[in-house]
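The next block holds one structure in the form of structure tokens; read it before the comments.
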Amino acid sequence: MPIWLRALAAQIIALIPALAAMQFAGPPGWPWTFVLLQSLAAAMAAPLLGLPRWWIPIQAAFLPALAVLLRLQLPPVIYLAGFVLLWLVFRSNTRERVPLYLSNRATWEALDQFVEDYASPSFLDLGSGLGGTLRHLAQRHPGGRFNGVESAPLPFLISRLRLLRLDNAHVRLGDLWREDLGRFNLVYAFLSPEPMPALWRKALAEMREGALFVSNSFAVPDTAPTQVLTLNDKRGTRLFIYRMGASATQAAPRFQNK
Ligand SMILES: C[S@@+](CC[C@H](N)C(=O)[O-])C[C@H]1O[C@@H](n2cnc3c(N)ncnc32)[C@H](O)[C@@H]1O
């Protein structure tokens, strides 16, 4: 069952115990008691329906947030604006389950070292978000070429503005699946588990021998990386590194696991 259907099911199922409890309680103030009971039941139903843990607070907050918003009686245009804003930022989320979260400085610095290994680096950020990774690398390595592709309009626009002054960095609005990975010697992805199998097939088909495919946090299933680099940051970021054409057990020479 798709995740959105399970989320909806949790909300609907949670109405049953809340309604049943209301048979005994009743007024005064019953709408809020009902909302609280439904919220509690939805939070408990989420793991039972196999939703990941981060869905629990979302499930719990849904009906209370709805009740508060209805009470505020906001003009409908606000909801429309909210919807449009969410679409502009999270456009790819529903299709590929890839929300917007950003690589941190520790990751940028680790990528620096990989870039330095190439005489003329050509780097592609698949889903380049707000362009922070590209901007950092382009500033540090003026001799390299740093490209990004981003499908969400607002992050694309922000990154375009951030990269305006850099001749060696470029981001385009589009779909990562339409990029030719063969044009780059470093391909970086910070996506989600969902697209990894298909992305790996694409990398194998298109990337040149010796090129590096680096995935932040999400490993390619059933494929041993050339190396796993664990960064010394708060979240213990792991970079899964795959060197094209190398045997799975061969370690990339310059880096040690921390
Ligand atoms: C987790 S963010 C990573 C942002 C950036 N790479 C970074 O490391 O800071 C993933 C980005 O991929 C974008 N994205 C998801 N699917 C995409 C697709 N099919 N084509 C292009 N961009 C996509 C999302 O909009 C989001 O901005």
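In each ligand, atom 1 is the first atom listed, and ligand 1 is the first ligand listed. Computed from a prediction, not measured in an experiment: that's the story for all the values here.
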Checking side chain to side chain contact (heavy atoms under 4.5 Å, CB included) for the pair Arg235/Ser217: CA distance, chi angles, key distance, verdict? CA-CA 10 Å; Arg235 55 184 294 263; Ser217 305; 3.3 Å; yes
Is Leu176 touching ligand 1 with its side chain, its backbone, both, or neither, if touching means heavy atoms under 4.0 Å apart? both
Looking at Asp180, I want to see if its CG is surrounded by more than 12 non-hydrogen atoms of other residues, nucleotides or ligands under 6.0 Å. yes
Identify, by atom number and element, the atoms of ligand 1 in contact range of Asp125, meaning under 4.0 Å from any of its heavy atoms. 5 (C), 6 (N)
Closest heavy-atom pair, Asn185 versus Ser120, reported as atoms and distance to 0.1 Å, is ND2-O, 3.3 Å
Gly131 heavy atom under 4.0 Å from ligand 1: no
Per-atom contacts, ligand 1 versus Leu102 - under 4.0 Å to a heavy atom: 9 (O)
Do Asp112 and His136 pair up side chain to side chain, a donor and an acceptor below 3.5 Å, judged on atom types alone? yes
Have a look at ligand 1 and work out which part of Pro155, if any, has a heavy atom under 4.0 Å from it: side chain, backbone, both or neither. neither
Would you say Leu126 has any N or O atom under 3.5 Å from an N or O of ligand 1, going by distance alone? no
Closest approach of Ser128 and Leu134, non-hydrogen atoms and distance? CB-CD1, 3.9 Å
At a 4.0 Å threshold, what atoms of ligand 1 neighbour a non-hydrogen atom of Gly174? 20 (N), 21 (C)
With heavy atoms of Ala152 as the reference, note each atom of ligand 1 found under 4.0 Å away. 25 (O)
Distance-only donor-acceptor hits, side chain of residues 59-69, under 3.5 Å, sequence neighbours excluded:
unit_1: Gln59; atom_1: OE1; unit_2: Gln11; atom_2: NE2; d: 2.6
unit_1: Gln59; atom_1: NE2; unit_2: Ala7; atom_2: O; d: 3.2

What I want to find out is whether Glu179 reaches Lys202 closely enough, with some N-O distance under 4.0 Å, to be called a salt bridge. no
Counting from 1 in the order shown, the ligand 1 atoms closer than 4.0 Å to a non-hydrogen atom of Tyr188 are 8 (O)
With a heavy-atom distance limit of 4.0 Å, tell me whether Thr133 approaches ligand 1 through its side chain, its backbone, both, or neither. side chain
Any nitrogen or oxygen of Ser128, side chain or backbone, less than 3.5 Å from one on ligand 1? no
From His136, Glu194, Glu150 - option closest to atom 26 (C) of ligand 1 by heavy atom: Glu150
Thr107 side chain to Tyr188 side chain, donor-acceptor N/O pair below 3.5 angstrom: no
When only distance counts, is Leu191 in polar contact with ligand 1, meaning an N/O pair under 3.5 Å? no
Ligand 1 atoms in contact with Gly129 (distance to a heavy atom under 4.0 Å): 4 (C), 5 (C), 27 (O)
Show me the donor-acceptor pairs, under 3.5 Å and distance only, between side chains in residues 154-164 and residues at least two apart or in other chains.
unit_1: Ser159; atom_1: OG; unit_2: Pro155; atom_2: O; d: 2.9
unit_1: Ser159; atom_1: OG; unit_2: Phe156; atom_2: O; d: 2.9
unit_1: Arg160; atom_1: NE; unit_2: Val171; atom_2: O; d: 3.4
unit_1: Arg160; atom_1: NH2; unit_2: Val171; atom_2: O; d: 3.3
unit_1: Arg162; atom_1: NH1; unit_2: Leu130; atom_2: O; d: 2.8

